[in-house]
Amino acid sequence: MNDATVKRLLDISTPGRTPAEVRRFYDKWGSDYDKDLEYLGWNAPSYAAEGLSKLMKDRHGRILDCGAGTGLVGQQLNHMGYRDIEAIDLSQILLNHAAEKCVYKKLICAKVGTEPIERIKEDTYDAIVCCGVFYDGHLDDACFTEFVRILKKDGIICIAAHSNSLYRIEGPILESLLEKRILQQVEKYQINNFVLQDFGYFLAYRVV
């Protein structure tokens, strides 16, 4: 296996990076991103799309692909018949590659975190899908507050995550939202061969 490709995969979760450093990392990777992930056996996008399809039968529902990268999840969803998909990512370079797949109605370059995303109004989406984005320097459970704001009632959050990333999802903010019955967990199961031989999890939550 190509050493540079493996190094990039390991570098994804380098701790202590600022958002600007994370953006530069993906900007530099953009042209080789799809090729490298295919080489690595990156199966997570298909798991994310399949999991969402089981929970949201309406193919006309409005979906936000959060941390969309080059659009691999959006491509899978498009193949399943979903047409109202938007993408958000920190890297404009990755979004430019995503645009080439012609599966998104809108592309938003912005950081997802604790602050409201200016270009997205509340009660906008029927579903949010996140695939491989809960790493150091990327997302953690602080994003759930913003997800609740921009999702409609009964909206779904679908997450495909590496097993090592689970702690960044199941943190105190998510726990509080579940305890207050703002969110309800509807799925959690293990997925094999998330990437290479590593396993991951599919998790889903519904806005109550």
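No experiment lies behind these values; they were computed from the predicted model shown.
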Where do V73 and C131 come nearest, in terms of heavy atoms and distance? CG2-CB, 3.6 Å
Linked, directly or transitively: Y135 and L139 (ILVMFWY side chains, under 4.5 Å): no
Do I191 and L55 belong to the same hydrophobic cluster, where Ile, Leu, Val, Met, Phe, Trp and Tyr are linked whenever their side-chain heavy atoms lie under 4.5 Å apart, directly or via other members? yes
So, do H138 and Y26 have ring centers that fall under 6.0 Å from each other? yes
Working to the nearest 0.5 Å, report the span between CZ of F134 and SG of C143. 4.0 Å
Rounded to the nearest 0.5 Å, what separation is found between the CG atom of D58 and the CG atom of D84? 9.5 Å
Answer yes or no: does atom CD of Q190 have more than 12 heavy-atom neighbours from other residues, nucleotides or ligands under 6.0 Å? yes
Locate the shortest heavy-atom distance separating D89 from G67; write the atom from each residue and the value. OD2-C, 3.3 Å
Test log, rule side chain to side chain contact (heavy atoms under 4.5 Å, CB included), inputs F25 and S91: CA-CA 9 Å; F25 171 79; S91 167; over 6 Å; no
So how far is it from E146 CD to E115 CD, rounded to the nearest 0.5 Å? 9.0 Å
side-chain hydrogen bond (donor to acceptor under 3.5 Å, both in side chains) pairs touching residues 198-208, sequence neighbours excluded, are H162-D198
Would you name the heavy atoms of A68 and A87 that are closest together and state the gap between them? CB-CB, 3.5 Å
Is the closest side-chain heavy-atom distance between Q185 and L174 below 4.5 Å? no
Examine L183 and V186 and state if one hydrophobic cluster contains both, with Ile, Leu, Val, Met, Phe, Trp and Tyr joined whenever side-chain heavy atoms are less than 4.5 Å apart. no
Report the distance from atom SG of C130 to atom CG of L203, rounding to the nearest 0.5 Å. 10.5 Å
Y189: what forms a ring pair (Phe, Tyr, Trp, His ring centres under 6.0 Å) with it, not counting sequence neighbours? F202
Which residues pass the side chain to side chain contact (heavy atoms under 4.5 Å, CB included) test with E86, not counting sequence neighbours? R62, L64, K106, I108, Y125
Hey, what do you get for CD (Q76) to OG (S46), rounding to the nearest 0.5 Å? 5.5 Å
Check M56 against A127 and note the closest heavy-atom contact, atom names and distance. SD-CB, 3.7 Å
Taking all non-hydrogen atoms of both residues, which atom of N193 and which atom of Y47 are closest, and how far apart? O-CE1, 3.9 Å
Before giving the answer on side chain to side chain contact (heavy atoms under 4.5 Å, CB included), spell out for L52 and Y82 the whole-Å C-alpha distance, their side-chain angles and the decisive distance to 0.1 Å. CA-CA 11 Å; L52 186 150; Y82 294 98; 3.9 Å; yes
Please set out all donor-acceptor pairs under 3.5 angstrom arising from side-chain atoms of residues 150-160, sequence neighbours excluded.
| residue | atom | partner | partner atom | Å |
| --- | --- | --- | --- | --- |
| K152 | NZ | D126 | OD1 | 3.4 |
| K152 | NZ | D126 | OD2 | 3.4 |

A110 and I117 have their tightest heavy-atom pair at CB-CG2, 4.3 Å
S176: side chain to side chain contact (heavy atoms under 4.5 Å, CB included) partners, not counting sequence neighbours: K180
Please identify each residue that fulfils side chain to side chain donor-acceptor pair (under 3.5 Å) with E170, with sequence neighbours left out. K188
With no hydrogens and no angle check, just 3.5 Å: does a side-chain donor-acceptor pair link N96 and E100? no
How far apart are the C-alpha atoms of K101 and T70, what are their side-chain angles, what is the distance that settles it, and do they pass the side chain to side chain contact (heavy atoms under 4.5 Å, CB included) test? CA-CA 8 Å; K101 293 182 172 65; T70 59; 3.9 Å; yes
Linking I/L/V/M/F/W/Y whenever their side-chain heavy atoms sit closer than 4.5 Å, directly or via other members, would I120 and L90 fall into one cluster? no
Hey, could you give me the CD1/CG distance between I128 and D65, rounded to the nearest 0.5 Å? 10.5 Å
In terms of hydrophobic clusters joined by side-chain contacts under 4.5 Å, are L77 and L107 together? yes
Could you check whether any side-chain heavy atom of S53 comes within less than 4.5 Å of a side-chain heavy atom of R59, counting everything from C-beta outward? yes
Start with the C-alpha gap between T114 and T145, add the side-chain angles, then the distance that decides, and say whether side chain to side chain contact (heavy atoms under 4.5 Å, CB included) holds. CA-CA 7 Å; T114 56; T145 302; over 6 Å; no
